[in-house]
> 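One structure coming up, written as structure tokens, with questions to follow.
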There are 2 protein chains.
Amino acid sequence: MIMIINYIHAQNVDGYYYQVCNMLRMTQQREIILEELKKFAGHPTADELFDEVKKRLSHVSLATVYRNLEILSGAGLISKIEISGRQKRFDSDLQQHTHVYCLSCHRVDNIELQSKSSIDFKAKDHQGYRIDGYRIEFKGFCPDCLTKTDNKGGKSMGCKKCGTSGLSEPQRKVLEALAKSKEPCAGKDIALVAGMEAKQVSCQITALKKKGYVASPIRCKYEITRDGQKALA
Amino acid sequence: MIMIINYIHAQNVDGYYYQVCNMLRMTQQREIILEELKKFAGHPTADELFDEVKKRLSHVSLATVYRNLEILSGAGLISKIEISGRQKRFDSDLQQHTHVYCLSCHRVDNIELQSKSSIDFKAKDHQGYRIDGYRIEFKGFCPDCLTKTDNKGGKSMGCKKCGTSGLSEPQRKVLEALAKSKEPCAGKDIALVAGMEAKQVSCQITALKKKGYVASPIRCKYEITRDGQKALA
DNA sequence: GCTTGACATGATAATGATTATCAATTACAT
DNA sequence: ATGTAATTGATAATCATTATCATGTCAAGC
């Protein structure tokens with residue numbers, strides 16, 4: 001099956017603009033991508049959808065999924081959701097609707113407006129823009145992030161150099177020194193046990209506090225947290 | 001000057017949650033970042049703002065600008081705009097307002113709603129979310145992209161291997177062959193002049209058409225465009 | 001006044017998310 | 001059967017961003 005989509009603007013040597021229109025094919029990969037997107041409970045990223053498609057097409061490439069999500073959204077067959085400043089999501093529902101976005105884990109869900117809110121919008125002054133549409137999005141915290149169990153929110157970059165626990169070697173030393181102690185310790189004490197300079201210990205403590213692995217119940221005294229103990233495991 | 005901002009959630013070994021609150025300092029870099037963001041006509045990306053800050057602080061690091069934009073927006077001193085799925089923008093205006101976003105070049109401008117549109121929204125069913133706010137965004141094409149001069153939209157990745165014109169070596173050969181011809185050429189003719197296999201010429205023509213460097217005034221005949229001629233220069 | 005603690009920086013490495021290249025494959029048109 | 005065109009997988013490359021680390025700066029405490 002062939003469908004006509006995607007106009008590429010170009011300009012010939014005489015200066016006239018025209019559009020290149022090219023035939024697209026409905027390949028097996030595209031059919032499966034569309035089907036899995038319809039089945040997906042929610043609005044997946046390319047990577048999340050790739051995991052589903054790969055179950056059905058073992059040889060499919062992540063680049064193919066990325067490429068086709070852009071092509072299919074450009075062709076108007078699916079919606080592209082750009083609600084986070086770093087990662088795109090996709091939606092099989094082409095109808096205008098409202099989303100809610102979690103500020104912590106970046107998850108996106110559908111949400112309905114109260115019926116009396118559903119009106120058409122118009123901009124007062126288009127400022128030269130040609131307006132093609134609008135979107136409304138709610139933001140807040142999802143149920144999971146509200147309970148805040150072990151969930152620390154969206155993906156954060158961990159240093160592969162540090163290993164799976166997200167600890168660099170100096171941080172591990174500091175954490176191990178704290179783990180040995182039954183009471184909150186000062187930086188100097190930690191430095192002694194860890195065999196490190198006190199200034200370096202101070203820096204690592206700052207980083208570990210940000211990761212939630214170290215706490216300061218008394219000023220200038222530190223102790224390992226539950227997360228910190230898990231990170232050492 | 002010191003301000004108290006940024007609470008980091010942590011949990012001690014007894015299982016009790018608490019917040020770490022840390023002092024932030026208003027460094028010279030932060031003051032200048034805030035000032036330049038206020039002066040910026042529009043909503044810059046980190047990279048765009050870095051260019052302005054660097055004019056006043058020659059030694060400032062891009063990482064410092066990135067880090068501080070996140071810190072300052074986390075502290076509520078500036079707004080973070082996540083309207084494109086790949087790049088964040090920032091705004092000094094903390095008031096709730098509406099944006100318009102160009103689907104071609106990704107530029108973001110402020111826009112005002114018609115007065116009768118300005119009502120408070122409520123979601124019908126929060127689905128367990130704690131809703132903290134909402135946003136409305138218009139989308140369309142900006143004045144520049146509507147006229148479509150030489151502007152090809154947002155940044156696209158060019159291959160450094162190809163050089164500044166964004167042409168790989170085979171593409172350059174094909175384009176040069178086309179530049180020599182006064183009339184539209186078939187693939188086979190191009191293959192002869194370029195000393196390449198016809199099949200490879202075909203692939204390169206496809207890529208060049210997408211880049212807007214080659215056009216097809218007659219089916220199966222190709223000619224170089226004005227952009228294509230510029231790309232060869 | 002000195003020491004300790006804490007925040008911040010620049011340089012640079014590293015990462016996540018995405019896109020480009022290319023030879024080969026598949027499919028359509030003539 | 002041949003020519004043309006779209007698509008793919010593997011992989012390299014890029015963009016946008018974040019982490020690391022040694023050092024600098026500044027505030028607090030003794």
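Letters A, B, ... mirror the listed sequences (proteins, then strands); counts begin at 1.
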> Would you mind telling me which of R56(B), K55(B), R30(B) makes a salt bridge (charged side-chain N to carboxylate O under 4.0 Å, His left out) with E35(B)?
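For E35(B), the salt bridge (charged side-chain N to carboxylate O under 4.0 Å, His left out) test succeeds with only one of R56(B), K55(B), R30(B), which is R56(B).
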> D47(A) CG to dT18(C) C1': how many Å, rounded?
11 Å
> In whole angstroms, how far is the C1' atom of dG16(C) from the CD atom of E48(A)?
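E48(A) atom CD is separated from dG16(C) atom C1' by 13 Å.
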> Assign T64(A) to base, sugar-phosphate, or nothing according to its heavy-atom contacts below 4.0 angstrom with the strands shown.
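Here T64(A) touches the bases of the nucleic acid.
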> How do K88(B) and S61(A) order along DNA chain D: which one's closest nucleotide is nearer the 5' end?
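Residue closer to the 5' terminus by nearest nucleotide: S61(A).
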> Could you check whether any side-chain N or O of H43(A) sits under 3.5 Å from a backbone N or O of V108(A), counting only pairs where one atom can act as donor and the other as acceptor?
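Yes, H43(A) side chain to V108(A) backbone: donor-acceptor pair under 3.5 Å.
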> Measure NE2/H106(B) against C1'/dT19(C) and give the value in whole Å, please.
13 Å
> dT25(C) C1' sits how many Å from Q28(A) CD, rounded?
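Rounded to whole Å, this separation is 14 Å.
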> Nearest to the L24(A) side chain among dT18(C), dA6(D), dC7(C), which nucleotide is it?
dA6(D)
> Do the side-chain N or O atoms of T27(B) get closer than 4.0 angstrom to the phosphate oxygens (OP1, OP2) of dT9(C)?
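For T27(B), the contact criterion (side-chain N or O under 4.0 Å from OP1 or OP2 of dT9(C)) is met.
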> Roughly, in whole Å, what's the span from CG in N68(A) to P in dT18(C)?
15 Å
> Is the base of dA5(D) touched by the side chain of R25(A) through a donor-acceptor pair closer than 3.5 angstrom?
yes
> Starting at CZ of F50(B), measure out to OG1 of T64(B) and round the result to the nearest 0.5 Å.
8.5 Å
> On DNA chain C, does the nearest nucleotide to I205(A) precede the nearest nucleotide to H59(B) from the 5' side, or the other way round? Give the residue.
I205(A)
> Send over the distance from R86(A) CZ to dT19(C) P, rounded to a whole Å.
13 Å
> Output the rounded distance in Å from CZ (F50(A)) to C1' (dA10(D)).
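Rounding to the nearest Å, CZ of F50(A) and C1' of dA10(D) are 11 Å apart.
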> Is it the case that the side chain of E82(A) and the backbone of G85(B) share a donor-acceptor pair, with hydrogens and angles ignored and the cut-off at 3.5 Å?
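Looks like yes, one N/O pair under 3.5 Å.
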> How close or far is atom C1' of dA27(C) from atom CZ of R30(A), stated in whole angstroms?
13 Å
> Is there a donor and acceptor pair, one atom on the side chain of R67(B) and one on the base of dG10(C), closer than 3.5 Å?
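Yes, the side chain and the base share a sub-3.5 Å donor-acceptor pair.
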> So, does Q87(B) get its side chain near the phosphate of dT18(C), meaning an N or O under 4.0 Å from OP1 or OP2?
no
> Starting the side chain at C-beta, find the nucleotide from dA16(D), dA6(D), dG9(D) nearest to Y66(B).
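Of all the options, the side chain of Y66(B) is nearest to dA16(D).
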> Of all the choices, dT9(C), dT18(C), dT12(C), which nucleotide is nearest to the side chain of A63(B) once you look at every atom?
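Among dT9(C), dT18(C), dT12(C), the one nearest the side chain of A63(B) is dT12(C).
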> Check Q29(B) against V60(B) and note the closest heavy-atom contact, atom names and distance.
CG-CG2, 4.1 Å
